[in-house]
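To start, the structure under review is shown below, and the notes come after it.
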Amino acid sequence: MDIRGIWKVKEIRMPTPEGERVFTPSSTLDEERFEGILELIQCRTEFAEDGVLNTLMFVPEEMRKEAENQGADVREDGYAVVESTSWKEENGKFYYDTGIEGEVLGEKVDSFAEITVTEDGCLLYNFEMLLLERA
């Protein structure tokens, strides 16, 4: 499987004290504590050719000039990169750099986490909280 390209959020799986909640782009958010979910659902994930993984956020047309003045590179499709990390493929599996560093029992922890490919060709990403499908 080739994961290069743009992916969109199909589901966000959020742990809560009441149990896991699943949000989709058609979900209605009735609680203030989940307001940030709306922004996350609208983001795109780009697995670029050069091993860069970009999180893309849509910038409304009326805000693009201001975003560019603040240093954002707004693409022709209206999306701008808001975060980047790296991704890699090894032995047919995909990994992304979480940026988490540390040690366990004196051994350095690998900052790369696996991206699971589901049976239907989606990607479970970001500690299995995001289910991505091709855009």
Side-chain angles (χ1 to χ4, degrees):
M1 178 175 182
D2 184 2
I3 67 170
R4 288 175 288 204
I6 307 287
W7 296 73
K8 63 183 180 180
V9 175
K10 182 176 183 177
E11 292 179 356
I12 296 177
R13 300 170 179 188
M14 180 74 61
T16 70
E18 301 83 31
E20 183 180 75
R21 295 255 327 246
V22 177
F23 300 95
T24 67
S26 62
S27 292
T28 304
L29 302 177
D30 53 358
E31 295 177 54
E32 190 175 311
R33 65 181 171 156
F34 297 121
E35 281 181 4
I37 297 291
L38 285 176
E39 283 185 11
L40 191 55
I41 284 176
Q42 295 174 20
C43 286
R44 299 288 186 258
T45 302
E46 175 185 43
F47 293 90
E49 295 280 337
D50 57 1
V52 174
L53 190 158
N54 293 312
T55 301
L56 308 170
M57 180 177 281
F58 185 74
V59 180
E61 182 124 13
E62 65 274 8
M63 298 177 70
R64 291 181 189 165
K65 195 64 152 173
E66 180 182 336
E68 290 171 351
N69 289 340
Q70 294 180 12
D73 180 20
V74 181
R75 299 174 177 190
E76 287 183 24
D77 63 0
Y79 284 86
V81 176
V82 293
E83 187 176 59
S84 292
T85 189
S86 57
W87 71 276
K88 64 183 180 180
E89 180 179 0
E90 287 183 355
N91 300 318
K93 293 185 177 185
F94 303 101
Y95 302 88
Y96 72 100
D97 190 349
T98 64
I100 299 172
E101 296 181 10
E103 294 182 0
V104 174
L105 300 173
E107 295 290 322
K108 187 176 180 337
V109 175
D110 185 2
S111 64
F112 279 82
E114 187 173 351
I115 300 168
T116 303
V117 178
T118 64
E119 288 182 13
D120 59 353
C122 292
L123 303 177
L124 266 175
Y125 164 68
N126 201 2
F127 303 106
E128 298 192 351
M129 287 180 54
L130 296 178
L131 181 65
L132 304 175
E133 63 184 350
R134 287 233 182 244

*Consider only side-chain heavy atoms of I, L, V, M, F, W and Y, link residues closer than 4.5 Å, and tell whether Leu40 and Phe127 are in one cluster.*
yes
*Cationic N near anionic O, under 4.0 Å, Glu46 to Arg44*: no
*Joint cluster assignment, Leu132 & Ile37, ILVMFWY side-chain distance < 4.5 Å*: yes
*asked:* Starting from Val9, can I reach Met129 by hopping between I/L/V/M/F/W/Y residues whose side chains sit under 4.5 Å apart?
replied: yes
_So Tyr96 and Asn126, do their side chains get closer than 4.5 Å, heavy atoms only?_
yes
*At what distance, to the nearest 0.5 angstrom, does CD of Glu128 lie from CZ of Arg13?*
7.5 Å
_More than 12 heavy atoms of other groups within 6.0 Å of Asn91 CG_ = no
*For Lys65, does the NZ atom have more than 12 heavy-atom neighbours from other residues, nucleotides or ligands under 6.0 Å away?*
no
*Only one of Thr55, Asp97, Asn54 forms a side chain to side chain donor-acceptor pair (under 3.5 Å) with Ser84, so which one is it?*
Asn54
*Taking 4.0 angstrom as the limit, do Arg75 and Asp77 come out as a salt bridge?*
no
*If you measure from OG1 on Thr118 to CG on Leu131, what distance do you get to the nearest 0.5 Å?*
6.0 Å
*Euclidean distance, Ile41 CD1 relative to Lys10 NZ, rounded to 0.5 Å*: 13.5 Å
*Hey, could you give me the OG1/CG distance between Thr98 and Asp110, rounded to the nearest 0.5 Å?*
8.0 Å
*Please tell me if the side chains of Thr45 and Leu56 come closer than 4.5 Å, counting only heavy atoms from C-beta onward.*
no
*Just wondering, more than 12 heavy atoms not from Glu107 lying within 6.0 Å of its CD?*
no
*From Ile6 CD1 over to Phe47 CZ, what is the distance, rounded to the nearest 0.5 angstrom?*
10.0 Å
*Is the count of non-hydrogen atoms from other residues, nucleotides or ligands lying under 6.0 Å from Glu18 atom CD greater than 12?*
yes
*Treat each ILVMFWY residue as a node, draw an edge where side-chain heavy atoms are under 4.5 Å apart, and state whether Tyr95 and Leu53 are in one component.*
no
*Looking only at non-hydrogen atoms, find the nearest pair between Arg64 and Val59 and report the distance.*
NE-O, 2.8 Å
_Gln42 side chain reached by Met57 side chain, heavy atoms, under 4.5 Å_ = no
*asked:* Any heavy-atom pair between the side chains of Thr116 and Leu123 that's under 4.5 Å?
replied: no
_A side-chain contact here means heavy atoms from C-beta on lying under 4.5 Å apart; do Leu130 and Leu124 qualify?_
no
_Ring geometry between Phe94 and Trp87 (parallel below 30°, tilted from 30 to 60°, perpendicular above 60°)_ = tilted
_Flag if over 12 foreign heavy atoms under 6.0 Å of CE, Met63_ = no
*State, to 0.1 Å, how close Ser27 and Val22 come at their nearest heavy-atom pair, and which atoms those are.*
OG-O, 4.3 Å
*Treat each ILVMFWY residue as a node, draw an edge where side-chain heavy atoms are under 4.5 Å apart, and state whether Phe34 and Leu38 are in one component.*
yes
_Crowding at CD, Glu61 (>12 non-hydrogen neighbours, <6.0 Å)_ = no
*Measure the CD1-SG distance between Ile115 and Cys122 for me, rounded to the nearest 0.5 Å.*
13.5 Å
*Any chance CD of Glu39 has more than 12 other-residue heavy atoms, nucleotides or ligands included, within less than 6.0 Å?*
no
